[in-house]
Amino acid sequence: MAASSLANRLFLSATAWLVVILAITGVVLSSVYKNATERAFDRRLNLYLRTLIAEVATPDEPPDRQFQSLGEPLFELPLSGWYWQITRTDTEKPEVRSSRSLWDKKLPKLEEQGAELTAAGIRLGYVDGPEGQNLRMVERPVDLGADGKYLVSVAGDDTEIFDETRSFDYYLGGTFTALGIVLLLTTVFQVRFGLAPLKRISESIADIRSGRAERLEGEFPVEIAPLARETNALIEANREIVERARTHVGNLAHAIKTPLSVIVNEAGAHAAEPFAAKVMEQADVMRDQVAHHLERARIAARVSVVATVTEVAPAIEALRRTMEKIHRDRDIVVEAKADPSGKFRGERQDLEEMVGNLVDNACKWAASRVFIEVLVEAPQQAGAGPRLRIIVDDDGRGLSEAERAQVSRRGQRLDESKPGSGLGLSIVTDLAALYGGSLSLGGAPTGGLRAELVLPGI
């Protein structure tokens with residue numbers, strides 16, 4: 001898909017928003033889950049903290065009976081990552097009691113690290129524990145009045161929080177990746193499904209240009225129906241303009257031919273006079289020029305309308321038979337070899353006029369034989385259609401380069417004894433150019449003139 005493709009733009013924009021939304025949602029969910037895990041961990045620490053505070057608040061209990069009800073074996077396992085510590089702070093030398101797991105180490109104080117007391121009277125935070133462990137710790141100052149002041153601390157290995165969060169992130173990442181793939185596939189389907197009517201319109205317009213259809217047919221979504229309706233209206237308006245142009249061209253031709261005929265007739269009545277001869281000569285030139293330009297205007301109007309398609313082989317065969325009949329008195333043989341797949345993107349009348357001029361010219365100059373060949377050439381660039389190469393050879397005397405240039409100019413003739421106005425090749429050149437084609441002259445293998453006409457195919 002091209003960078004300027006509407007489908008690409010929709011897909012890329014949807015993909016970008018999808019990635020942004022999933023990434024933001026993933027970060028938010030991961031943060032929410034981490035906070036939830038942290039709160040659950042803190043509740044566990046607070047449970048142990050309250051148990052310790054309850055033990056501290058009953059000093060009448062024998063020392064060996066205290067702190068036996070925490071119910072967590074990890075407090076007994078040395079350097080397990082789970083520790084508690086009770087520090088009496090109102091004595092000259094602080095008295096410290098701790099879990100067996102702390103061994104001979106001490107827990108740091110959150111107060112010294114700047115942690116503030118919460119509304120519940122506790123401090124929470126992360127500290128570095130023994131053996132470089134990362135600990136989540138809760139501490140609370142306890143004032144028992146005459147029984148002393150204490151700082152009770154409980155810490156647990158935050159690996160549990162990290163492992164839980166990481167496991168959740170893995171599952172979340174996998175889920176969002178699968179969801180993203182599904183959503184991207186859904187987006188591709190939606191883009192293709194949503195733009196399908198536009199593709200159908202494009203294909204229908206191509207059919208109209210190639211002559212396979214005359215208008216856009218079928219039902220279209222309400223958003224695109226106005227486009228199809230206006231396109232059909234434009235096609236109809238174009239056809240009407242062309243029809244009016246043809247009518248005006250025909251009217252102009254009749255309007256000019258009648259005065260010219262009157263001038264020629266009047267001059268013919270005085271043919272012996274030099275002035276009359278000059279008038280007749282210029283009137284003939286005017287008639288030829290008018291015919292040429294009217295024909296060009298007619299073709300230009302027709303080419304501007306949506307193109308039709310002409311089968312080339314039948315048209316060439318019809319021309320071959322016609323030219324043999326016209327030049328039967330000179331026993332000219334006209335042979336034709338046309339690719340049956342050849343199709344001209346234009347009207348048959350125009351094709352017959354161009355090729356007919358070339359074949360007629362070849363028959364006038366040929367000694368005995370004229371050969372017509374039609375080739376279909378593959379597109380030379382992406383997006384272009386095939387090209388038709390129509391070659392007309394004769395076995396006449398041929399032309400030099402200077403003579404070819406002369407006959408290509410409008411109205412130039414090499415031999416006044418041959419019938420015609422001398423405008424045939426010029427007309428072919430002009431009509432071919434209107435269709436985006438070209439005409440070139442060269443030497444034929446049979447020794448005569450070769451005319452190569454290149455036209456758009458389909």
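Here, residue 1 is the first one in the sequence, and each next residue gets the next number. All values below come from the heavy atoms of this structure, side chains included, with hydrogens, waters and symmetry mates left out.
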When you measure from the side chain of [X] to the backbone N and O of [Y], does any donor-acceptor pair fall under 3.5 Å?
X	Y	value
Asp395	Arg369	yes
Arg330	Ala366	yes
Thr322	Ala318	yes
Ser167	Glu164	no
Asn46	Asp42	yes
Thr186	Val182	yes
Ser368	Ile332	no

Is there a side-chain contact between [X] and [Y], using heavy atoms and a 4.5 Å cut-off?
X	Y	answer
Phe11	Gln190	no
Leu135	Pro130	yes
Val27	Thr25	no
Arg348	Glu311	no
Leu124	Arg136	yes
Met137	Glu139	yes
Val370	Glu335	no
Gln113	Val127	yes

Just verifying a value: how many Å separate [X] [atom1] and [Y] [atom2], rounded to the nearest 0.5 Å?
X	Y	atom1	atom2	value
Leu22	Thr177	CG	OG1	8.5 Å
Leu453	Tyr435	CG	OH	11.5 Å
Glu377	Leu375	CD	CG	6.5 Å
Ile372	Asp394	CD1	CG	11.5 Å
Ile224	Arg200	CD1	CZ	8.5 Å
Phe371	Lys337	CZ	NZ	6.0 Å

Nearest non-hydrogen partners of [X] and [Y], listed with the distance:
X	Y	result
Ala14	Thr187	CB-CG2, 3.5 Å
Ser101	Leu77	CB-O, 2.8 Å
Ala432	Ser438	CB-N, 3.9 Å
Ala451	Leu441	CB-CD2, 3.8 Å
Leu388	Gly342	CD2-CA, 3.9 Å
Met323	Gly356	CE-O, 3.4 Å

- [ ] Answer with yes or no after comparing the ring centroid distance for Trp82 and Phe41 against a 6.0 Å cut-off, counting only values under it.
- [x] yes

Task: Distance-only donor-acceptor check, side chains Asp169 and Ser30, under 3.5 Å - done: yes

Task: Polar contact flag, side-chain donor to acceptor under 3.5 angstrom, Tyr33-Glu38 - done: no

TODO: Take Arg450 and Glu373, measure what salt bridge (Lys or Arg N to Asp or Glu O under 4.0 Å) needs, and give me the verdict at the end.
DONE: CA-CA 11 Å; Arg450 164 169 285 189; Glu373 184 177 13; 5.5 Å; no

- [ ] May I ask you to say whether Glu116 pairs ionically with Arg123, meaning some side-chain N is under 4.0 Å from a carboxylate O?
- [x] no

Task: side chain to side chain contact (heavy atoms under 4.5 Å, CB included) assessment of Leu455 paired with Leu351 - done: CA-CA 9 Å; Leu455 296 173; Leu351 177 66; 3.9 Å; yes

Open item on the list: Using the rule side chain to side chain contact (heavy atoms under 4.5 Å, CB included), only one of Thr165, Asn134, Asp163 pairs with Asp158; which is it?
Closed with: Asn134

Open item on the list: Quick check on side chain to side chain contact (heavy atoms under 4.5 Å, CB included): which of Asn357, Asp360, Val359 does Val392 satisfy it with?
Closed with: Val359

Task: Audit row: Tyr170, Thr175, side chain to side chain contact (heavy atoms under 4.5 Å, CB included) steps and yes/no - done: CA-CA 9 Å; Tyr170 284 158; Thr175 302; over 6 Å; no

Task: side chain to side chain contact (heavy atoms under 4.5 Å, CB included) between Leu227 and Ile201, worked out - done: CA-CA 9 Å; Leu227 173 62; Ile201 284 184; 4.1 Å; yes

- [ ] Start with the C-alpha gap between Phe176 and Leu29, add the side-chain angles, then the distance that decides, and say whether side chain to side chain contact (heavy atoms under 4.5 Å, CB included) holds.
- [x] CA-CA 11 Å; Phe176 273 23; Leu29 288 178; 3.8 Å; yes

Open item on the list: Going by side-chain hydrogen bond (donor to acceptor under 3.5 Å, both in side chains), Glu324 matches just one of Arg320, Arg321, Arg328. Which one?
Closed with: Arg320

